[in-house]
Amino acid sequence: MAECRECDRSIPEGSNFCSHCGAPQNEKAAEALESFTKRQAKQLPEAELAELFEEGEQPQSASLDRRVSYAVGWVTLVGALAMVPSLASVFLLLAGIVILPPVRRLFAKQVGQRLDKRAVVGFYIVAVAVGSALFWLV
Ligand SMILES: [Zn+2]
């Protein structure tokens with residue numbers, strides 16, 4: 001029997017990895033594990049990786065952003081539906097849809113790149129401005 005380099009528990013002589021904690025027991029095993037991990041990470045789409053890290057860093061502000069986006073999105077959609085015969089509703093519908101978090105996530109999955117938050121908010125503001133202008137002026 002040998003002892004694990006990480007957790008000091010006994011493992012079979014000549015093991016490459018500890019059967020208790022999974023730690024590699026020699027340089028070769030460590031290198032193999034590292035290249036395996038890198039290969040796995042490469043297979044994840046960039047958007048998913050970004051999401052993993054982003055949510056790990058600021059879970060609270062991210063979920064607050066999401067709740068605000070949901071609220072603003074739904075209010076906009078309801079408002080848009082209320083003015084449906086007007087051309088303004090098209091712009092407001094677009095704005096409301098774009099700002100909803102699931103739409104951003106879907107876009108990230110399809111394109112492999114996350115929509116920039118500022119770009120989304122910018123688009124929302126422009127679309128609402130155009131929609132409101134159409135509603136009041138026409
Ligand atoms: Zn161990």
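First listed ligand is number 1; within each ligand, the first listed atom is number 1.
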Requested in this report: Please answer: with hydrophobic residues joined when any side-chain heavy atoms are less than 4.5 Å apart, are Phe135 and Leu77 in the same cluster?
Outcome: no

Query raised in the report: Quick one: do Val128 and Val120 end up in the same hydrophobic cluster if we chain Ile, Leu, Val, Met, Phe, Trp and Tyr together by side-chain heavy atoms under 4.5 Å apart?
Result: yes

Query raised in the report: Should Val84 and Leu92 be regarded as members of a common hydrophobic cluster, given that ILVMFWY residues are connected when their side-chain heavy atoms come within less than 4.5 Å of each other, either directly or indirectly?
Result: no

Query raised in the report: Within the side chain of Thr76, is there an N or O that forms a donor-acceptor pair under 3.5 Å with the backbone of Val72?
Result: yes

Report task. Tell me whether Val121 is reachable from Ile97 by hopping between hydrophobic residues (I, L, V, M, F, W, Y) whose side-chain heavy atoms are closer than 4.5 Å. Result -> no

Query raised in the report: Protein N, O or S atoms at less than 2.8 Å from the Zn ion (ligand 1), how many?
Result: 4

Query raised in the report: Taking a hydrophobic cluster as the set of Ile, Leu, Val, Met, Phe, Trp and Tyr residues connected by side-chain heavy atoms closer than 4.5 Å, whether directly or through intermediates, do Trp136 and Met83 fall within one such cluster?
Result: yes

